Asker: 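Below is a structure I'd like to ask you about.
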There are 2 protein chains.
Amino acid sequence: MNYSIGQAAKKMGLTAHTLRYYEKEGLLPFVKKTSSGLRIFSEEDIGWLQMIECLKGTGMPLKGIKQYIDWFIEGDSPLQKRLDMFKQQKIKIEEQMRELKKHMEKINYKIAYYTEMVENGSDGVFERNKELAKERARLFGTPERK
Amino acid sequence: MNYSIGQAAKKMGLTAHTLRYYEKEGLLPFVKKTSSGLRIFSEEDIGWLQMIECLKGTGMPLKGIKQYIDWFIEGDSPLQKRLDMFKQQKIKIEEQMRELKKHMEKINYKIAYYTEMVENGSDGVFERNKELAKERARLFGTPERK
DNA sequence: ATAAATTTTAGAGTTTACTCTAAGTCAAGA
DNA sequence: TCTTGACTTAGAGTAAACTCTAAAATTTAT
């Protein structure tokens, strides 16, 4: 199945502008055109876009994604490079997951803290809730009150 | 313990430029200055910076972080707002984690695919590895070969 | 006391990833 | 055929988050 730029954009949740921009940046080297110049997005092109979204979603900048695509175009020889890139990316995602978990802990502490505050008034939270105080110490290292 | 801007920057893994920029954007309203104008970062300011880094790390733009800080400055009344913001942020983090996991699956597939390719040559991977083919179908929906 | 390092300010410049405009071309329905 | 909507291009504009510059002041080390 083929798509016009508008249809492809809708399918991917992007704008047509963005797709043209990606093409200009060399991220969509396989998109064909009609004799009159209209872009035709094939199912395969949609696959590329999904890959792009995946790498983008893990924080890879467009230049890095282009690198991957360029390696792909170069043919079979830099196979190892592509594999290495994905392995690298995997490590980055694992790092991100650890980061997110750490952040989540802090957010959870804040939620517990503010919930306590909203329920019991804003004073003496740490006097009344030793658990929260301990959690705070663990997360932030220093106590909030002298 | 107090820190100069350079020490604070080093401690946080940011540049002094960035700290001044944050201050200009209203993200560091509690940083004091000496009579001659040098900034003094207190332990509490470091705590704010850690909070900023935490929210930044979960994708909140600086303006959103400023909003939180402004609510804080306003005093106790918008307590519920702050709580709601953290709950919102928690939902966002959970979303991000799901996204990351989905991306991770795709990356893992690519790693399996390229590993197979590097080990066995680049042809007929799907003929030889039905498991990989099934995984691909699950992740991407469409087969790579007609 | 003096040299070197750090900090100050205002403001300009950069990068990334879009986002939009204008003027024109193309395609599909009434 | 006419009109409406989608598409084309080159290029300008935008927003976020830095990042850097320059000249002056301050602090620290010798």
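The basis for the numbers below is simple: all heavy atoms, side chains too, and nothing from hydrogens, waters or symmetry mates. Chain letters run A, B, ... following the sequence lines, proteins first and then strands; every chain starts at 1. The structure presented is a predicted model; accordingly, all values stated were derived computationally and were not measured.
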Asker: Salt bridge check: are B:E23 and B:R20 linked by an N-O gap of less than 4.0 Å?
Answerer: no

Asker: If I take atom NZ in residue B:K63 and atom P in nucleotide D:dA15, what distance separates them, rounded to the nearest angstrom?
Answerer: 8 Å

Asker: As a test of reading the structure: which of C:dC26, C:dC20, D:dT8 is closest to the side chain of A:R39, going by heavy atoms?
Answerer: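 The answer is D:dT8.
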
Asker: Between A:E95 and A:K92, is there a side-chain N and carboxylate O pair less than 4.0 Å apart?
Answerer: no

Asker: Does C:dT16 have OP1 or OP2 sitting under 4.0 Å from an N or O in the side chain of A:Y21?
Answerer: no

Asker: Measure from the side-chain heavy atoms of B:K33 and tell me the nearest of C:dC18, C:dT9, C:dT8.
Answerer: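 The answer is C:dT9, which lies nearest to the side chain.
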
Asker: Does the separation of the ring centres of B:F86 and B:Y68 fall below 6.0 angstrom?
Answerer: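 Yes, they do, as the ring centres are separated by less than 6.0 Å.
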
Asker: Any side-chain N or O of B:K24 below 4.0 angstrom from OP1/OP2 of D:dT19?
Answerer: no

Asker: Can you tell me how far C1' of D:dC7 sits from NE2 of A:H17, to the nearest Å?
Answerer: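 Distance, rounded to whole Å: 11 Å.
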
Asker: Ignoring the backbone of B:S36, work out which of D:dT26, C:dC18, C:dA27 is nearest its side chain.
Answerer: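 From the listed options, D:dT26 comes nearest.
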
Asker: Between B:R20 and C:dT8, does any side-chain N or O lie under 4.0 Å from OP1 or OP2?
Answerer: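 The answer is yes; a side-chain N or O of B:R20 sits under 4.0 Å from OP1 or OP2.
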
Asker: Starting the side chain at C-beta, find the nucleotide from C:dC18, D:dA16, D:dT27 nearest to A:K56.
Answerer: C:dC18

